[in-house]
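Quick caveat, the model's predicted, so the values are computed rather than measured.
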Amino acid sequence: MRFRVEGEIKETIRCGCSLCRRKGAEMATVHESALIIQAGEDNLSLYRWNTGVARHYFCRTCGIYPFHKKRSMPDHYGVNVGCLDNFKAPAGTPYRWSEGTDMSVRPGGRADWTGPPDD
């Protein structure tokens with residue numbers, strides 16, 4: 001499959017939730033209009049977990065995670081920047097760690113995602 005991102009990537013993110021931590025991707029958040037699938041959309045597999053709202057996509061051929069539709073921002077994608085040809089974040093591009101374990105909606109925990117905790 002092939003895709004591209006139109007526009008500037010303003011930061012990259014690593015997430016500490018159980019899924020993201022295991023897949024080890026460095027991501028950028030982009031508006032859904034900025035993600036352009038060029039070919040192979042029918043070769044994507046979908047994985048949903050926890051609340052089932054976020055949609056995590058994987059290539060059926062190679063198993064690589066290219067992007068996911070975000071639960072916390074449903075009109076945005078988290079894009080694996082490692083899948084972007086020749087991507088290198090410009091000097092000074094912020095890099096952020098997201099405490100993804102705090103976003104989980106689980107039995108005995110919070111019922112809904114209400115956004116990141118206040119500092």
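One distance of note links CZ of R71 with NZ of K69; it measures 15.0 Å at 0.5 Å rounding.
At a threshold of 4.5 Å between side-chain heavy atoms, the hydrophobic network of Ile, Leu, Val, Met, Phe, Trp and Tyr places I9 and M73 in two separate groups. Under a hydrophobic-cluster definition in which Ile, Leu, Val, Met, Phe, Trp and Tyr are linked whenever side-chain heavy atoms come within less than 4.5 Å, directly or via other members, F3 and V30 are assigned to the same cluster. Linking ILVMFWY side-chain heavy atoms closer than 4.5 Å, directly or via other members, places F58 and M1 in two distinct hydrophobic clusters. Taken together through direct or relayed side-chain contacts under 4.5 Å among Ile, Leu, Val, Met, Phe, Trp and Tyr, L46 and L35 form part of one hydrophobic cluster.
A donor-acceptor pair is defined here as one N or O able to donate and one able to accept, closer than 3.5 Å; no such pair exists between the side chain of H68 and the backbone of K70.
When every heavy atom of S45 is checked against every heavy atom of R60, the shortest pair comes out as OG-CG, 2.9 Å. Of all heavy-atom pairs spanning P66 and L44, the tightest one is CG-CD2, 4.1 Å.
Annotation: side chain of K23 is in contact with side chain of H56 (closest heavy-atom distance under 4.5 Å). Counting heavy atoms from C-beta on, the side chains of R21 and R14 never come closer than 4.5 Å. The side-chain heavy atoms of I36 and V5, taken from C-beta on, include no pair separated by under 4.5 Å.
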Please tabulate, one pair per line, all N/O donor-acceptor pairs under 3.5 Å involving side-chain atoms of residues 74-89, not counting sequence neighbours.
unit_1	atom_1	unit_2	atom_2	d
N80	OD1	G82	N	3.0
N80	ND2	Y65	O	2.8

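The number of heavy-atom neighbours closer than 6.0 Å to CD of E41, taken from other residues, nucleotides and ligands shown, is 12 or below.
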